Amino acid sequence: MKVSFNVLDRQYLKYKDEYLVKVAEILERGHYVLGNEVRLFEEEYAQYVGAQYCVGVASGLDALILSMRALDIKNGDEVIVQGNAYIASIMGITMNGATPVLVEPDNCYNIDVEKIEEKITEKTKAILVVHLYGQMANVLKIREICDRYELYMIEDCAQAHGSKRCEIRAGELADMACWSFYPSKNLGAFGDGGAVTLNNEEMSKAIKTLRNYGSDKRYHNKVVGYNSRLDELQAGLLRVKLSHLEELLDERKYIARCYLDGIENKYVELPCMIHQSNPVWHLFVVQVESSRRMQFIEYLEQNGIQSLIHYPVPPHLSEAYSYLGYKAGDFPITERLSQRVISLPIYIGMTETEIKYVIDTVNGYAGE
Ligand SMILES: *Cc1c(COP(=O)(O)O)cnc(C)c1O
């Protein structure tokens with residue numbers, strides 16, 4: 001039996017008729033950029049997140065770049081972020097000329113809130129919270145730190161659409177929350193897309209201006225901006241998917257529950273569950289001893305199961321960030337995780353047979 005890491009057409013087939021009707025409607029309307037679909041998606045998504053405003057942009061990375069630009073985060077400023085974030089989170093900071101200040105993660109893969117304050121300096125402007133793999137970081141505590149030190153709280157929610165912790169939704173407490181609609185994300189488009197949600201009207205206008213060459217009135221440019229717009233087709237298709245999001249998230253939660261209940265192997269460490277947390281399982285990430293990981297991956301592969309590593313190279317050791325001057329050993333917890341994590345298949349449309357096969361195969365791993 002073969003189980004791919006992800007099979008994206010199954011989530012399409014689930015609501016195929018609705019998508020096709022929407023595509024035809026948009027194509028026939030003849031308005032393809034910044035029209036009604038984007039406006040309506042922005043309204044509907046803001047409401048879903050519990051924010052007053054939403055601005056659609058071209059990608060999750062652009063959401064990060066534009067939101068930090070709107071907050072005037074620039075050269076000379078520092079932004080605190082977890083060391084094991086996806087590298088795009090760090091790029092949102094450095095594309096604005098600011099410096100990422102890395103903090104080690106906790107046992108649940110998110111920023112260790114106990115280690116944030118020691119990193120705050122005169123130059124710190126913001127804390128960028130990345131809800132990794134779909135489980136939320138301790139936003140209550142981070143909001144409290146941000147308020148106490150007068151820092152912006154930015155959330156990278158690219159992996160956390162619909163995630164909750166203590167009944168607080170991802171993005172709800174942030175000054176700016178950044179979203180990606182890359183196809184494999186929990187709310188994925190059929191191409192690239194992203195958004196910023198927020199509660200500040202002036203800032204939402206600033207991001208709207210930035211996404212459209214720095215102009216709020218055609219051919220009148222206030223600042224040097226970007227071309228970073230969510231297009232009508234993606235927005236329209238996202239509206240269809242958003243109307244089914246809870247059911248899609250429930251499907252991921254069901255698969256994760258099967259894994260958590262069914263996987264039992266002394267070589268495989270399951271992801272931690274936080275009290276009062278309701279993660280959305282963008283990824284199901286287990287750990288095995290670093291000396292065994294390659295062999296475990298090959299074992300899965302020989303049995304037809306595809307797995308991935310999120311992420312094999314921590315940002316501070318990537319070639320792209322060699323200029324920051326870090327070396328191996330600087331962030332031991334982050335580095336240890338990068339050598340131990342493995343993501344198992346979890347996707348919309350996964351069958352009972354496939355779920356059971358993954359569980360049985362993982363349980364059958366004999367460590368040799
Ligand atoms: C996917 C992702 C991004 C980047 O989003 P794109 O839409 O691919 O640009 C940023 N941060 C995190 C945590 C992500 O998972």
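Source: prediction; values computed, not measured. For ligands, and for the atoms within them, numbers begin at 1 and follow the listed sequence.
Close N/O approach between Asp192 and ligand 1 is not found [any backbone or side-chain N/O within under 3.5 Å]. When only interatomic distances are considered, the shortest N/O to N/O separation between Gln159 and ligand 1 falls below 3.5 Å.
Near Ser89, with a cut-off below 4.0 Å to any heavy atom, the atoms of ligand 1 are 11 (N), 13 (C). The Gly60 neighbourhood of ligand 1 comprises atoms 5 (O), 6 (P), 7 (O), 9 (O), with distances under 4.0 Å to a heavy atom of that residue. Of all the atoms in ligand 1, the ones that sit under 4.0 Å from a non-hydrogen atom of Asp156 are 10 (C), 11 (N), 12 (C), 13 (C). Here is the list of ligand 1 atoms found below 4.0 Å of a heavy atom in Ser59: 7 (O), 9 (O). Here is the list of ligand 1 atoms found below 4.0 Å of a heavy atom in Ala88: 3 (C), 4 (C), 10 (C). Remark: ligand 1 atoms within the under-4.0 Å shell around heavy atoms of Lys185 are 1 (C), 2 (C), 3 (C), 14 (C), 15 (O). Residue contact check: Val130 has heavy atoms under 4.0 Å from atoms 13 (C) of ligand 1.
In this structure, Tyr149 contributes its side chain and Lys125 its backbone to no donor-acceptor pair below 3.5 Å.
Using a 4.0 Å cut-off between charged side-chain N and carboxylate O, Asp216 and Lys208 make no salt bridge.
The shortest side-chain heavy-atom distance between Gln276 and Glu167 does not fall under the 4.5 Å cut-off. The closest side-chain heavy-atom distance from Pro105 to Thr334 is below 4.5 Å.
At a heavy-atom cutoff of 4.0 Å, ligand 1 is contacted by no atom of Leu132, backbone or side chain. Under 4.0 angstrom from ligand 1, the non-hydrogen atoms of Leu61 come from both its backbone and its side chain.
Judged by the 6.0 Å distance and 45° axis criteria, Lys241 is positioned over the aromatic ring of Phe190.
Considering every non-hydrogen atom in both Gln306 and Pro345, the closest pair reads O-CG, 3.3 Å.
Ring geometry, Tyr19 versus Tyr15: the interplanar angle exceeds 60°, so the pair is classed perpendicular (tilted spans 30 to 60°). By the 30° and 60° cut-offs, the orientation of the rings of Trp179 relative to His161 is tilted.
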